[in-house]
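Let me begin by presenting the structure, written as C-alpha cells, before commenting on it.
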Amino acid sequence: AALVPGDLVLDVGSACGHMARWFYDWYGAKTLGVDFQPAATAFAEKYVTPFAPAQFCWLDVSSQLGDWLPNRSVKLATAISVL
C-alpha cells in the first residue's frame with residue numbers, strides 16, 4: 001500500500017533527517033527518525049522539523065527498538081545506508 005498524508009514512517013539511521021523532508025514533500029507523511037549520533041538528531045531537529053512534521057531522537061536500535069515502539073504503529077520502516 002502506498003503512503004498517504006498523515007502516515008507515519010520510521011526512519012532508522014535518520015542521520016541529518018533529509019528523508020523526513022522527502023517523505024513529507026512527496027507523500028505528506030510524518031516521520032519518526034532515530035539515529036545513534038546525537039549530533040545528527042540535533043541537526044535534524046533544528047533544520048528539518050521547521051519544514052516537515054517529524055521528530056528525531058537518539059536510540060540504540062540494536063538493543064532498544066522493540067521496547068518502545070507499539071506494534072503496527074508505522075506504515076513504513078526504512079533503514080537507508082545504515083550499514
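Hydrogens, waters and symmetry mates play no part in the numbers below; they use all other heavy atoms, side chains included. Numbering of residues begins at 1 and proceeds along the displayed sequence.
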Next on the checklist: Testing the basics here: between Ala29 and Val9, what is the closest heavy-atom pair and its distance to 0.1 Å?
Outcome noted: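 Smallest interatomic distance, heavy atoms only, reads CB-CG2, 4.1 Å.
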Checklist entry - Of the non-hydrogen atoms in Ala15 and Ala44, which two are nearest, and what is the gap between them? => result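 Where Ala15 meets Ala44 most closely, the heavy atoms are O-CB, 4.1 Å.
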Side-chain atoms of residues 47-57: list all donor-acceptor pairs with protein atoms under 3.5 Å, sequence neighbours left out, distances to 0.1 Å.
{"unit_1": "Thr49", "atom_1": "OG1", "unit_2": "Glu45", "atom_2": "O", "d": "2.3"}

Checklist entry - Taking it one step at a time, do Leu3 and Phe23 satisfy side-chain contact (heavy atoms from CB on, under 4.5 Å)? => result CA-CA 9 Å; Leu3 288 174; Phe23 284 125; 3.9 Å; yes
Checklist entry - Taking C-beta and beyond as the side chain, do Leu10 and Val12 meet within less than 4.5 Å on heavy atoms? => result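 Yes, side chains in contact.
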Checklist entry - Can you find a pair of side-chain heavy atoms, one from Val34 and one from Trp58, that are under 4.5 Å apart? => result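 No. Closest side-chain heavy atoms not under 4.5 Å.
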Rounded to the nearest 0.5 Å, how far apart are [atom1] of [X] and [atom2] of [Y]?
X     : Y     : atom1 : atom2 : result
His18 : Phe43 : NE2   : CZ    : 11.0 Å
Leu32 : Asp11 : CG    : CG    : 9.0 Å
Thr31 : Leu8  : OG1   : CG    : 7.0 Å

Item to check | Polar side-chain atom of Asp25 near backbone of Trp22 as donor-acceptor pair, under 3.5 Å | outcome: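 Checking the backbone N and O of Trp22 against the side chain of Asp25, no donor-acceptor pair under 3.5 Å is found.
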